[in-house]
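All residue numbers refer to positions in the sequence shown, counting from 1.
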Amino acid sequence: MRAASIKNIWLRFTMALLYCLASLCCIVSHAETITLVGEDSWYPYSAIKDGQNRGFAVDVIRAAYAAVNIDVKFIATPYSRCLMLVQSGQELGCFDSLKDAKLEPDFIFHKEPIFKASVGIYARTDSPQSRVSKINVLELHKYIIGITHGYTYGTAFEKDTRIVRESAPNDLSNLRKLILARSDYSLIYTRVADYLTSTHPEEFKGAVQQVGILVEDNLYVSFSKRRPESARYANALDQGLRQIKANGVYATIEKKWARPEP
């Protein structure tokens, strides 16, 4: 009788364990996975490094979605293609985007920003423009302004049709055009410019300097209006961002990227 009782107890325990394992497998198999497109050359925010998407924004987005039980796969493209893929509905979301007059009508945006960043105004140190004190967007129409293809630079800049723009395929090319006097000023996010000048000292050390701030603003994931699930994933990102900002995970990621690896 005692042996039978032990056998029954063991049988019930085994069945309960199998049920738990089956439930866990069911949960794992139904875990949501989404794909987002990040820029391929915008380090330290988002870039391809060692064959994978890396950067501050990549880590923040991954952590925010993980907080609400959503896995994220990342693919990387130039930013202009990133926007095109999302606007056409081929992909769900693109990062990192300003919520400005040019983009807001065509995309769905979440409310909680991924981060805030500054667009610097840069000049050659040997040019007359370098001696202008704190130039701002209202004065840029007097000059040729270097920009990166597909980027937007805030509502004031985008609406000023008087500004002559010299477009480059990426920020590195943008800086090189400045050095070659193809532009009078170049617009580049300050942390990106810091990274480029530190990794290309033979080209830029002592040759360019920041002379102003165009805009300091929040950046987001821009979601497709052609995808019915976009609003739900935008809301989920907001929820996750609020969680990781409250529990210290966001601060840990910020500390990690305060001095980005080369």
Side-chain angles (χ1 to χ4, degrees), residues 20-21 23-40 42-50 52-77 79 82-83 85-86 89 91-100 103-104 106-119 152 154 189-192 215-261:
C20 290
L21 289 173
S23 299
L24 180 60
C25 290
C26 182
I27 291 171
V28 171
S29 66
H30 286 85
E32 287 188 274
T33 300
I34 63 173
T35 299
L36 297 177
V37 187
E39 189 170 354
D40 61 354
W42 206 50
Y43 204 70
Y45 296 111
S46 174
I48 287 291
K49 292 281 186 179
D50 303 321
Q52 59 184 323
N53 293 65
R54 290 182 58 199
F56 175 68
V58 174
D59 284 358
V60 168
I61 292 168
R62 182 187 287 117
Y65 273 120
V68 291
N69 198 34
I70 296 173
D71 295 326
V72 185
K73 292 181 179 179
F74 297 97
I75 59 177
T77 70
Y79 185 67
C82 177
L83 287 178
L85 290 171
V86 172
E91 297 293 346
L92 175 64
C94 170
F95 65 95
D96 304 287
S97 299
L98 285 177
K99 192 191 298 186
D100 59 21
L103 294 184
E104 195 164 14
D106 297 323
F107 296 90
I108 292 172
F109 286 90
H110 51 106
K111 297 177 181 178
E112 192 76 25
I114 305 169
F115 60 91
K116 177 177 281 190
S118 299
V119 179
T152 60
Y189 279 82
T190 55
R191 290 199 66 191
V192 177
V215 64
E216 183 179 31
D217 209 343
N218 296 319
L219 286 102
Y220 303 83
V221 176
S222 46
F223 290 91
S224 178
K225 284 191 171 182
R226 294 179 178 268
R227 301 283 285 261
E229 69 271 33
S230 287
R232 182 164 69 89
Y233 288 118
N235 290 335
L237 181 56
D238 275 333
Q239 182 181 346
L241 284 167
R242 285 191 289 268
Q243 287 189 36
I244 65 171
K245 288 177 181 180
N247 63 18
V249 171
Y250 189 95
T252 299
I253 297 171
E254 279 188 311
K255 185 176 180 179
K256 170 188 173 183
W257 286 101
R259 293 184 177 179
E261 298 174 359

Tell me whether Ser46 contacts the main-chain N or O of Val58 through its side chain, where contact means a donor paired with an acceptor under 3.5 Å.
no

Distance, nearest 0.5 Å, that separates CD of Glu104 from OG1 of Thr152:
11.0 Å

Stepwise side chain to side chain contact (heavy atoms under 4.5 Å, CB included) check, Arg232 with Glu32:
CA-CA 12 Å; Arg232 182 164 69 89; Glu32 287 188 274; 3.1 Å; yes

Output yes when a side-chain donor or acceptor of Ser222 lies under 3.5 Å from a complementary backbone atom of Cys94, and no otherwise.
yes

Without hydrogens or angle criteria, can the side chains of Asp59 and Trp257 be said to hold a donor-acceptor pair below 3.5 Å?
yes

Of all residues at least two apart in sequence or in a different chain, which pass the ring pair (Phe, Tyr, Trp, His ring centres under 6.0 Å) check with Tyr233?
none

Is a side-chain donor or acceptor of Ser230 paired with a backbone partner of Lys225 at a separation under 3.5 angstrom?
no

If only atom types and distance count, is the side chain of Lys99 paired as donor or acceptor with the main-chain N or O of Asp217 below 3.5 Å?
no

Just to verify, what does Ser118 make a side-chain contact (heavy atoms from CB on, under 4.5 Å) with, not counting sequence neighbours?
Thr190, Ile213, Glu216

Decide yes or no for Asn218 and Phe109: does some side-chain heavy atom of the first lie under 4.5 Å from some side-chain heavy atom of the second?
no

Residues in side-chain contact (heavy atoms from CB on, under 4.5 Å) contact with Ala76, at least two apart in sequence or another chain:
Asp40, Ile48, Asn53

Mind running side chain to side chain contact (heavy atoms under 4.5 Å, CB included) on Arg191 and Tyr45 for me, showing each step along the way?
CA-CA 9 Å; Arg191 290 199 66 191; Tyr45 296 111; 3.4 Å; yes

Where do Phe74 and Phe95 land on the side chain to side chain contact (heavy atoms under 4.5 Å, CB included) test, with the steps shown first?
CA-CA 10 Å; Phe74 297 97; Phe95 65 95; 3.8 Å; yes

Among Leu92, Leu36, Leu237, which one satisfies side-chain contact (heavy atoms from CB on, under 4.5 Å) with Val72?
Leu36

Main-chain N/O of Ala47 paired with Arg54 side-chain donor or acceptor, under 3.5 Å:
no

Flag if over 12 foreign heavy atoms under 6.0 Å of NZ, Lys111:
no

Has Asp238 got a side-chain atom pairing as donor or acceptor with Leu241's backbone, closer than 3.5 angstrom?
no

Hey, does Ile114 have a side-chain heavy atom less than 4.5 Å from the side chain of Leu219?
no

